[in-house]
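Below is one structure, written out as structure tokens; the observations come after it.
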Amino acid sequence: MMLQTQLADLIHKAARKAQKKGDLPKFELPEITINRAKREGQGDFSSALALQIIRPVNNARKEKGERTLSPLQVAEIIARRMDQVDFVSKVEPAKPGFLNLTIDPGWLAAQAGEITRVGAEYFQVELGKGERVQVEFVSANPTGPLHFGGARNAAIGDTLARLLENSGYEVQREYYINDRGAQVDIFGETLWRRYQQLHGIETDIPEDGYPGAYMIDYARAIQAERGDSLLALSDEEAVPRFRGMGLALVTAELADDLGMMRVFFDNWFSEQSLYEDGTFEHVSAILRDQGDLYLKDDAVWFAASKYLPKSDRDEVFIRSNGEPGYYASDIAYHYNKFITRGFDRVIDVWAVDHQNQAARMPAMLKALGIDPDRLIVVLYDLVTLKRGGKEVKLSKRSGEIVTMREVLEEVGPDAARYLLLSRSNEARIDFDIDLAVAESSENPVYYVQYAHARVSSILRKAEEAGVDYTNADLSLLTCPEELALLQKMLQLPEIVTEAVQRLAPHHLPHYALDLAKTFTKFYDACRVLSADPADREITHARLTLVRATQIELAYVLDLMGMNAPEVM
RNA sequence: GCGCCCGUAGCUCAGUGGAGAGAGCGACAGUUUGCGGAACUGUAGGUCGCAGGUUCAAAUCCUGCCGGGCGUACCA
């Protein structure tokens, strides 16, 4: 159990006991929150419980005609009722009413041994209890290569999935393929025209088609496989054929590109399939039977406003041309997620320009009888690319785009993932290519990985020297840098909990940098390896601490989908 | 116009109810015959956009305003 949870339990029990024994009046206690101390002399953790409950305490006392208490006195009362435990060495009430707790240094030192014994599991928090959650992300239109903006989606979605997997959730990663509708029809037609052009036929691509050169590459791939055998097709025959072949090419390419980013999907879900397997029909029937659909201006509308008290906006369900609207697909898709496949929770990762769409999701879920809280849409802001201090446009009017692949080839997946994760979802990112490739101190990616390489180097040297530190006397770990490192290490479960509960993966890179920093300070202050026999014991203890650090650094890097290099 | 998000150190950003607001980079001044110097130490730098309010306690919650981004389709 997380240290803070244990401390909160301890204080809760003490307060309850004080109430039972009559030291404090009886009333429902608030949830106990534990804060990390910010400065020296305030212990390691604190609780402000006494301040929070001062009013009900004194109200009750006044009713009984008793004298009122100060928050500090209440803190003292709680402190007196606290159980003795091995991990807390000091409990100090402090003005104006805090309760400061100090972690026992001996217990702290012993955790280095626990970590080496248990491994990365030591840092895992059981939050999911086996809950099945789907993370749907990227889901870019399958009409061309992934542009670099999609890389942020990939980094966020995949890291959320990793966080959840390591916190007791059963996770599925899904890519939703928008393989039907006008967009892909035009894509198919463009491809067909490009194919014809390759064979010397004079024809233009559609006006609102896809002008990018990559379309010619796809046409070449088809040409390579089928030669000119498809030229005889009529337009009516060709467009769907080319649409299908193009989609297959693009999805294979998407999977390949995402693999470069170390992102792998468990499932690629076809939008079209919702219309082939009857889901759409079924959902339509449900809504129709509930009276949620109505006809207006030759289109069928879904009465979304019925389910959202603050909104008077309805959504087109079937357009006047007879084609289902995008929202209709979304209803069917989420019916499939929650009802057909029965996920307990679904996370959709969308760019912020889909904010309105996100706001409309609760209405459909309510109409389907699904608790809207089971779906969380994670919105993230856009990415701009910078090179030489200047912004590089991700997509140009010519149809050319800066692809995720070309950026990855330049900066590598580690730097890309770290930098794309390092800002909160709502913040816009300026991705500086020059910084991403810089092998210098200004690049945090290298600082973190370098710490791991350095740790590995020490352990490698120890192994070469045949040092066996398995039964080290960890009580020797007493200097400030050693204890600071241990404190920092034990913070990870809090960070992970925060990241999972708020679906905010940006806490990871910040923590990783912090951890690397704290280790490097220890490294600088405390010599680990020594040939002097007098240093034998302390060397063994410190090697245990270094090994524990290695386990944790590797784990944090893995949560971010990054490599933990032993040599750089 | 309306809706959502953002506004914190020179720059890039953490911090969403707890004590005196943090980190990285940059600037300045130092450190080093050892485990990887891609290092370490120190200094300077802030009306937390502005104004009210709630609270024992506000960068954090509420209201209004200012500035910026995004959105406001029978597109996905």
Side-chain angles (χ1 to χ4, degrees), chain A residues 33 35 37-39 41-42 46-55 70-71 94-98 100 139-141 143 176 178 180-184 208 271 296-301 310-311 313 315-330 351-359 379-382 419 422-430 432 435 438-451 453-462 465 502 504 506-507 509-511 513-514 517 520-521 523-531 539 542-543 546 567-568:
Chain A
T33 54
N35 307 296
K38 282 194 182 152
R39 48 182 52 84
Q42 295 179 351
S46 72
S47 162
L49 179 64
L51 288 157
Q52 288 172 282
I53 63 172
I54 190 62
R55 178 162 290 179
S70 70
K95 278 192 286 189
F98 292 102
N100 293 337
S139 301
N141 279 346
T143 52
Y176 180 50
N178 298 119
R180 68 172 296 284
Q183 297 286 337
V184 282
D208 46 359
E271 178 185 3
K296 191 181 94 181
D297 304 332
D298 297 328
V300 178
W301 294 71
K310 278 187 222 160
S311 160
R313 213 196 125 90
E315 303 294 336
V316 167
F317 191 71
I318 297 175
R319 294 189 273 157
S320 51
N321 66 5
E323 285 292 314
Y326 178 77
Y327 192 76
S329 284
D330 250 4
V352 70
D353 52 331
H354 293 72
Q355 55 188 250
N356 279 315
Q357 188 190 342
L379 293 174
Y380 64 92
D381 211 319
L382 304 172
L419 295 172
S422 61
R423 303 285 172 259
S424 61
N425 297 336
E426 310 79 43
R428 190 179 199 118
I429 290 185
D430 282 331
D432 186 336
L435 173 63
E439 294 192 10
S440 69
S441 62
E442 60 190 37
N443 189 344
V445 182
Y446 284 90
Y447 189 93
V448 175
Q449 291 188 316
Y450 184 72
R454 188 180 250 170
V455 160
S456 304
S457 166
I458 296 171
L459 295 172
R460 198 162 48 235
K461 279 208 163 60
R502 288 167 55 177
H506 72 279
H507 292 299
H510 283 103
Y511 174 76
L513 186 62
D514 219 10
K517 191 93 192 160
T520 308
K521 279 185 187 172
Y523 168 87
D524 201 59
C526 308
R527 173 82 196 181
V528 178
L529 298 175
S530 169
T539 288
R542 284 176 177 165
L543 277 170
V546 171
V567 185
M568 287 174 75

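All of these numbers come straight from a predicted model, not from anything done at the bench.
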If I pick the [atom1] atom on [M] and the same atom on [N], what distance separates them, to the nearest angstrom?
N     : M     : atom1 : answer
B/G30 : B/C62 : P     : 50 Å
B/U8  : B/U47 : C1'   : 12 Å
B/A59 : B/G17 : C1'   : 11 Å
B/U43 : B/G22 : P     : 13 Å
B/G10 : B/C50 : P     : 14 Å
B/G49 : B/U60 : C1'   : 15 Å
B/A9  : B/A14 : P     : 12 Å
B/C6  : B/G15 : P     : 10 Å

May I ask you to test the [X]-[Y] pair for a side-chain heavy-atom distance under 4.5 Å?
X        : Y        : value
A/Arg423 : A/Asp381 : no
A/Leu543 : A/Leu529 : yes
A/Leu51  : A/Phe98  : yes

In whole angstroms, how far is the [atom2] atom of [N] from the [atom1] atom of [X]?
X        : N     : atom1 : atom2 : answer
A/Leu435 : B/C11 : CG    : C1'   : 12 Å
A/Asp514 : B/G15 : CG    : P     : 13 Å
A/Asp353 : B/A73 : CG    : P     : 14 Å
A/Tyr511 : B/G24 : OH    : P     : 16 Å
A/Asn100 : B/G18 : CG    : C1'   : 11 Å
A/Asn425 : B/C70 : CG    : P     : 19 Å
A/His507 : B/A14 : NE2   : P     : 10 Å

>> Regarding B/C35, can its base be found pairing with the side chain of A/Ser457 as donor and acceptor, where the two atoms are less than 3.5 Å apart?
In response: no

>> Let's test your reading of the model: under 3.5 Å, does the base of B/C6 pair with the side chain of A/Glu426 as donor and acceptor?
In response: no

Please tell me if [X] has a side-chain N or O lying less than 4.0 Å from either OP1 or OP2 of [N].
X        : N     : result
A/Tyr447 : B/C40 : yes
A/Arg423 : B/G15 : no
A/Lys517 : B/C40 : yes
A/Arg428 : B/G68 : no
A/His354 : B/C4  : no
A/Lys38  : B/G22 : no

>> Once rounded to the nearest 0.5 Å, what's the spacing between atom CD of A/Gln449 and atom OG of A/Ser456?
In response: 11.0 Å

>> I need the A/His354 NE2 to A/Tyr380 OH distance, nearest 0.5 Å.
In response: 8.5 Å

Can you identify which nucleotide, out of [options], has its nearest atom closest to the [X] side chain?
X        : options             : result
A/Ala427 : B/A14, B/A19, B/C35 : B/A14
A/Leu513 : B/G24, B/G36, B/A19 : B/G24
A/Tyr450 : B/C35, B/A19, B/A38 : B/A38
A/Asp524 : B/G18, B/C35, B/A39 : B/A39
A/Gln355 : B/G24, B/A19, B/C70 : B/C70
A/Thr520 : B/A39, B/G34, B/G37 : B/A39
A/Gln42  : B/G18, B/C74, B/A19 : B/A19
A/Val316 : B/G18, B/C74, B/A76 : B/C74
A/Gln183 : B/G36, B/C56, B/A76 : B/A76
A/Phe98  : B/G20, B/G18, B/A76 : B/G18

Checking all strands, does [X] fall into the base, sugar-phosphate, or nothing category for heavy-atom contacts under 4.0 angstrom?
X        : result
A/Asp330 : nothing
A/Tyr523 : base
A/Ser424 : sugar-phosphate
A/Lys521 : sugar-phosphate
A/Asp298 : nothing
A/Gln52  : base
A/Val567 : base
A/Ile54  : nothing
A/His506 : sugar-phosphate
A/Ala299 : base
A/Ala453 : base

> Of A/Trp301 and A/His510, whose closest RNA chain B nucleotide lies nearer the 5' terminus?
Replying inline: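 Between the two, 5'-proximity favours A/His510.
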
> Closer to the 5' end of RNA chain B via nearest nucleotide, is it A/Ile458 or A/Lys95?
Replying inline: A/Lys95

Is there a Watson-Crick or G-U wobble partner for [N] with both distances under 3.5 Å, and if so, which one is it?
N     : value
B/U63 : B/A51
B/G22 : B/C13
B/A27 : B/U43
B/C4  : B/G69

> Of A/Ile458, A/Val455, A/Val528, which meets side chain to side chain contact (heavy atoms under 4.5 Å, CB included) against A/Tyr523?
Replying inline: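 Going through the options one by one, the only one that passes is A/Ile458.
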
>> So does A/Leu379 get a backbone contact from the side chain of A/Asn425, meaning a donor-acceptor N/O pair under 3.5 Å?
In response: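 Side chain of A/Asn425 to backbone of A/Leu379, a donor-acceptor pair under 3.5 Å: no, none is there.
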
> When you look at A/Tyr450 and A/Thr520, which way does the side-chain contact (heavy atoms from CB on, under 4.5 Å) test go after all the steps?
Replying inline: CA-CA 10 Å; A/Tyr450 184 72; A/Thr520 308; over 6 Å; no

> Looking at A/Ala94 and A/Asn100, what are the two nearest heavy atoms and their distance?
Replying inline: CB-ND2, 3.5 Å

> Looking only at heavy atoms, which two atoms of A/Ser139 and A/Tyr176 are closest? And how far apart?
Replying inline: OG-N, 3.0 Å

